[in-house]
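So the structure is just underneath, and the comments pick up after that.
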Amino acid sequence: MVYAVVRAGGRQEKVEVGTIVVLDRIQADKDGNVELAPVLLVDGDKITHDAQALAKVKVVAEVLNDLRGPKIVIQKFKNKTGYKKRQGHRQEQTRIKITSIN
């Protein structure tokens with residue numbers, strides 16, 4: 001069983017080949033692929049966490065589609081002053097599928 005922990009969008013995700021992950025918006029190359037930086041690689045009983053060894057490892061993913069996350073409503077209110085403020089936010093996201101871990 002081979003899996004890797006990759007750094008993506010300020011977070012770390014555990015991925016295997018075929019895993020579908022939703023990350024913050026990532027720009028794909030002309031072929032629609034993205035390369036992610038591994039932090040840890042587990043290949044059976046062998047665990048790799050050395051930076052020089054991980055520099056040789058490539059985790060490649062295919063971009064499936066771009067989407068937007070759920071709407072988050074931000075409300076501010078101060079009592080007795082009449083101050084009310086309402087703001088919304090939707091995070092830009094990308095859905096990817098891991099194609100290879102070399």
Does the side chain of [X] reach to within under 4.5 Å of the side chain of [Y], using non-hydrogen atoms?
{"X": "R95", "Y": "L67", "answer": "yes"}
{"X": "L36", "Y": "V34", "answer": "yes"}
{"X": "T48", "Y": "D43", "answer": "no"}
{"X": "T94", "Y": "V22", "answer": "no"}
{"X": "Q12", "Y": "V6", "answer": "no"}

Inset, instruction - Would you indicate whether R86, at its atom CZ, is surrounded by more than 12 heavy atoms from other residues, nucleotides or ligands within a distance under 6.0 Å? - result: no
Would you compute the distance between atom [atom1] of [X] and atom [atom2] of [Y] and round it to the nearest 0.5 angstrom?
{"X": "I96", "Y": "T19", "atom1": "CD1", "atom2": "OG1", "value": "9.5 Å"}
{"X": "I20", "Y": "I98", "atom1": "CD1", "atom2": "CD1", "value": "10.0 Å"}
{"X": "K71", "Y": "I74", "atom1": "NZ", "atom2": "CD1", "value": "9.5 Å"}
{"X": "I26", "Y": "D66", "atom1": "CD1", "atom2": "CG", "value": "9.5 Å"}
{"X": "L41", "Y": "N102", "atom1": "CG", "atom2": "CG", "value": "10.5 Å"}
{"X": "R68", "Y": "R25", "atom1": "CZ", "atom2": "CZ", "value": "8.5 Å"}

Legend entry - Under 3.5 Å side-chain donor-acceptor pair for H89 and Q91: yes
